[in-house]
Protein chains: 2
Amino acid sequence: MGKLDFAPIADTTRRAEIVALLRRAILTGQLEPGQKLNELRIAEQMRVSRAPLREAMRELVQEGILTSIPYAGTFVIDVTAKDIDDAYSLNKVLDEFAIELTWRLRDQRFFDELDRRHEAVKQATRNLDTTRQIETALQLHGLIHEWADNSVLLETWQRLASRLQMYFALHQRARKEPVPAEDIHETYVRLLKGSDMRAAQRHAREHIDLDFEELLAYARSLEQRASKGAKATVANRQQI
Amino acid sequence: MGKLDFAPIADTTRRAEIVALLRRAILTGQLEPGQKLNELRIAEQMRVSRAPLREAMRELVQEGILTSIPYAGTFVIDVTAKDIDDAYSLNKVLDEFAIELTWRLRDQRFFDELDRRHEAVKQATRNLDTTRQIETALQLHGLIHEWADNSVLLETWQRLASRLQMYFALHQRARKEPVPAEDIHETYVRLLKGSDMRAAQRHAREHIDLDFEELLAYARSLEQRASKGAKATVANRQQI
DNA sequence: ATCAAGCAGATTGTCGACAATCTAACAAGT
DNA sequence: ACTTGTTAGATTGTCGACAATCTGCTTGAT
């Protein structure tokens, strides 16, 4: 009997595929915040009945990237500057905790994986693939949460990462300029490889690694515009 | 125009009521960990079709208290000692963060609400209503998260609190002895009213306020038993 | 002109039935 | 005895249709 360990086979329900499709559409910004999801239309587009689609939407509502109002519809969550700020501040706390848990568990496999993900970010940056750049950067940051061996922390992080990805995608789509070429994750990776845990934690708490300041400024500017134009966000709601 | 603020009217979908019913059943321990939820049977019992029931179950899966295996069924999550430990250690981190955020926002209304919830715990304790005691204790601890004015933190706490409630309910049902009569929350409340934030945070991090040690010991004993009887947890799976 | 009542039209919520898949029991072969 | 096929039953996944609810427009009265 060989000691080969197989990976679990893929979920073969329509529901699971719909969840993946919708999540991707939302996180990449193809579905904009506030936008209403018309069940009939989406179901027809996907060649699927409404039952699995509705179940998928229920999952994404609980995942925090959709919101549902009975008999009115299901919408992509609206993003406010406060939401971003809240998410970011909690993120810092979780990072600090994850570093603490991960620290003594670091080994060669950890360092290798860290380099691998770091390299993926750099490659996406070189390719000017902004969507992938966001994705890989979050995966790089997610490693400490995966490695921390705390399932509840990991779940929490993944929920948070979904939103962060959405926020950044939103931001990237808004600004037309190319992404920064320099490597902003260099320090982060170096500290995680080092021997000073406190320094790594401090970096997580203090350093704006993911361009958050710019993201926040963008969100605030959006709200300025919205408050001037009365209920602009509502008016902008489109149907898919 | 009066400045009366109305509460949102109740959700009138079957789905929402089913979610509430199921959640209550799980958190009070009426549905045991590992137990399978038979859709047809539950739907008949609730006089509801499977569609809203399934949607409700999808929500609870994402909420983390149910788990689903395609074409096999949906089960109440299994509880391991590690799960409890993970949840508790994250809980401490979140508490510390919540205290930091709440601290400068404390006002008379906060203190009043703190006392009100504290009183509710004491009353449930006097009445020997263990289920309600757990519920009120978690509501007491939840106040700092509600007050912190960070929506992401609050969401995260609520997910965590669901699990904690489930764990404690499990424990309480197992031990036949009456609950402790003394008031273990006295110090917690006093520190939250005081002026030393660090002390309050230290208390949250160090003091075992919610009988966690005993809960952990119980969970570990369960696993001891399980490992002896091979796959006892699976064998014990009952249908509702 | 303003406002309430009421009437389509569209959309969400729910239902019952059917299809796909799993489980367990049994039979047959080695 | 042990594995491998087969089959019947039960359960989950999906579908199409109907009911409940909302939205916006029209109508009519003041």
Side-chain angles (χ1 to χ4, degrees), chain A residues 1-2 6 8-22 31 34-62 66-77 230-231 233-240, chain B residues 1 6 8-22 31 34-62 65-77 230-231 233-240:
Chain A
M1 205 185 294
F6 289 101
I9 63 170
D11 285 349
T12 51
T13 61
R14 298 190 197 285
R15 183 182 69 235
E17 293 194 38
I18 297 170
V19 166
L21 271 177
L22 281 181
L31 284 171
Q35 199 167 3
K36 179 176 177 180
L37 277 65
N38 185 310
E39 297 178 1
L40 215 51
R41 219 163 301 182
I42 296 178
E44 282 172 6
Q45 288 181 8
M46 293 188 179
R47 306 293 180 86
V48 156
S49 85
R50 284 173 56 221
L53 172 63
R54 282 174 59 86
E55 291 184 16
M57 286 164 81
R58 252 13 96 194
E59 289 191 23
L60 294 175
V61 166
Q62 282 307 108
L66 289 182
T67 180
S68 160
I69 304 174
Y71 290 107
T74 305
F75 308 83
V76 178
I77 56 167
K231 38 183 179 178
T233 53
V234 178
N236 282 339
R237 275 183 188 161
Q238 300 173 335
Q239 298 248 346
I240 182 181
Chain B
M1 207 187 293
F6 289 100
I9 65 169
D11 284 349
T12 51
T13 62
R14 300 192 195 285
R15 182 182 71 237
E17 294 195 36
I18 297 171
V19 166
L21 271 178
L22 281 182
L31 284 172
Q35 200 166 1
K36 178 176 177 179
L37 277 65
N38 185 309
E39 297 178 1
L40 214 50
R41 219 164 301 182
I42 296 178
E44 282 172 6
Q45 287 181 8
M46 291 188 180
R47 307 292 181 85
V48 157
S49 85
R50 285 173 55 222
L53 172 62
R54 283 174 58 87
E55 291 184 14
M57 286 164 81
R58 254 11 98 198
E59 289 192 23
L60 294 175
V61 166
Q62 283 307 106
I65 59 182
L66 289 182
T67 180
S68 161
I69 305 174
Y71 290 107
T74 305
F75 308 83
V76 179
I77 56 168
K231 38 184 179 178
T233 53
V234 177
N236 282 339
R237 275 183 188 163
Q238 299 173 337
Q239 297 249 346
I240 184 182

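When reading the values below, keep in mind they use all heavy atoms of this one structure, side chains included, and skip hydrogens, waters and symmetry mates. By convention in this document, chain letters (A, B, ...) are assigned in the order of the sequence lines, proteins followed by strands, and residues within each chain are numbered from 1.
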I need the CD-C1' distance between Glu39(A) and dG13(C), as an integer number of Å. 8 Å

Pairs under 3.5 Å (N/O, protein and nucleotides 14-18 of chain D):
{"residue": "dT14(D)", "atom": "OP1", "partner": "Arg14(A)", "partner atom": "N", "Å": "2.4"}
{"residue": "dT14(D)", "atom": "O3'", "partner": "Arg14(A)", "partner atom": "NE", "Å": "3.2"}
{"residue": "dC15(D)", "atom": "OP1", "partner": "Arg14(A)", "partner atom": "NE", "Å": "3.3"}
{"residue": "dC15(D)", "atom": "OP2", "partner": "Ser49(A)", "partner atom": "N", "Å": "2.7"}
{"residue": "dC15(D)", "atom": "OP2", "partner": "Ser49(A)", "partner atom": "OG", "Å": "2.9"}

Let me confirm one number: the CZ-CZ distance from Arg14(B) to Arg47(B), rounded to the nearest 0.5 Å. 12.0 Å

Quick one: CE on Met57(A) to OG1 on Thr67(A), what's the gap to the nearest 0.5 Å? 11.0 Å

Can you check whether Arg41(A) has a side-chain N or O nearer than 4.0 Å to OP1 or OP2 of dA10(C)? no

Whole Å only: how far is the CD atom of Glu44(B) from the P atom of dT11(D)? 10 Å

Let me know the distance between CG of Asn38(B) and P of dA10(D), rounded to the nearest Å. 11 Å

Over how many whole Å does the gap from Ile69(A) atom CD1 to dT21(D) atom C1' extend? 14 Å

Value for CG (Leu53(A)) from CD1 (Ile18(A)), rounded to nearest 0.5 Å, stands at 5.5 Å

How many angstroms lie between atom CD of Gln45(A) and atom CG of Leu40(A), to the nearest 0.5 angstrom? 10.5 Å

Any heavy-atom pair between the side chains of Gln62(B) and Leu60(A) that's under 4.5 Å? no

d(CE, Met57(A); C1', dT12(C)) in whole Å: 10 Å

How about Met46(B) and Pro52(B): do any of their side-chain heavy atoms sit closer than 4.5 Å? no

Nearest 0.5 Å please: distance from the CD atom of Glu17(A) over to the OG1 atom of Thr12(A). 8.5 Å

The helix from dA1(C)-dT30(D) to dT30(C)-dA1(D): angle between its terminal axes, five pairs each, to 10°? 10°

So do Glu59(A) and Leu22(A) actually touch side chain to side chain, heavy atoms under 4.5 Å? no

